[in-house]
Amino acid sequence: MPYLVIVAARYRVFSVRVAAVTSLTPSFVRVTLTGDALADFSSVGLDQRIKLVLPIPGHGFTDLPDGEDWYAAWRALPDAVRNPLRTYTVRSFRPDARELDIDFVAHGDTGPASRWVSSCRVGEELRIVGPAVPSSPAELPTGAAEFDPGAANRILLAGDETAAPAICAILEALDVATVGHVFIEVPTDADRLPVTAPAGVEVRWIARNGASHGVRMTDQVHAWASTVATGPECGGAPELVDVDVDEQVLWDVPAAEPSRPVYAWIAGEAGCVKELRRHLVRGVGLDRKQVAFMGYWRHGKAEN
């Protein structure tokens, strides 16, 4: 999950260590982090993103800057000693216990985060970047959480396995009266995760089982969309600026509104997210201000 906004002293580097490593399914691994520094960590939303600062083999965090200007100093480091940053969602945070859970998608030796989680052990050190507890409510950081349905009559959540931790965190915090549909695509049938949702929210786990990424989820979201009213009842503003997912950030979150018939939150692979957004806005007639969309990653491209 990219695009965590780094805002001066509001975000800081937290020193943590691995408290537990739990295999959830063939594709999901939960790492529980702990540390006294988390006493100053601030939770800012249900789909909250943080940066993981990964150790350099044989070098650890020796050259990782700290302090208010850590980010500029980090960018200025030579490549050989610049720790990789990767973005993940906080699955849960227990401030009293100073514990933070992150669910990883395990996919082998395909990147620094996947390599790290495949071999991490209890007691191992890690660094995370997230918002610090503000000195006043006016200083609460923004830009690290997007889910904001307002008083929408019903919601749609859709995403692949990279969005599953955020979707599960959202589901478990929804009001019991919430109505909606949720579509989560995962690699196999064995990757369905246990999650609690309101009675009025239907959750569908969609297993690819070898199918192309996004195809089955797209089909099911299209079927759902065919039941949604179009035109003025949904906002009826199918104006949409197209996005080149290979060159531009696929990320747009509508401002909160007091009332809207439908609120859609879509996240995952950028090409799939783009197609779903286009269908909901141009095909179904949802106002684009009703659709939050986040292209976390793109086939063949690593996060910078």
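Being a predicted model, the structure only gives us computed values, none of them experimental.
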Ring pair (Phe, Tyr, Trp, His ring centres under 6.0 Å) assessment of Tyr263 paired with Phe147: CA-CA 10 Å; Tyr263 173 81; Phe147 181 75; 5.6 Å; yes

Thr188: side-chain contact (heavy atoms from CB on, under 4.5 Å) partners, not counting sequence neighbours: Ala190, Asp191, Asn209

Residue list, ring pair (Phe, Tyr, Trp, His ring centres under 6.0 Å) with His222, at least two apart or on another chain: His279

Shortest non-hydrogen contact from Arg127 toward Leu64: CG-CD2, 3.6 Å

Path from Val186 to Val201 over hydrophobic side-chain contacts below 4.5 Å: yes

Shortest non-hydrogen contact between Glu99 and Thr34, atoms and distance: CG-OG1, 4.2 Å

Contacts of Leu24 that satisfy side-chain contact (heavy atoms from CB on, under 4.5 Å) - sequence neighbours left out: Thr22, Phe28, Arg30, Asp103, Leu193

Shared hydrophobic cluster for Val18 and Ile128 (ILVMFWY, side-chain gaps under 4.5 Å): yes

Partner set under side-chain hydrogen bond (donor to acceptor under 3.5 Å, both in side chains) for Asp79, not counting sequence neighbours: Arg82

Residues in ring pair (Phe, Tyr, Trp, His ring centres under 6.0 Å) contact with Phe41, at least two apart in sequence or another chain: Phe14, Phe93

Where Pro55 and Asn83 come nearest, the two heavy atoms and their spacing: CA-ND2, 3.7 Å

Asp175: partners by salt bridge (Lys or Arg N to Asp or Glu O under 4.0 Å), with sequence neighbours left out: none

Any donor-acceptor pair under 3.5 Å from Arg121 side chain to Ser119 backbone: yes

For Leu171 against Ala197, the heavy-atom pair lying closest together: CD2-CB, 4.0 Å

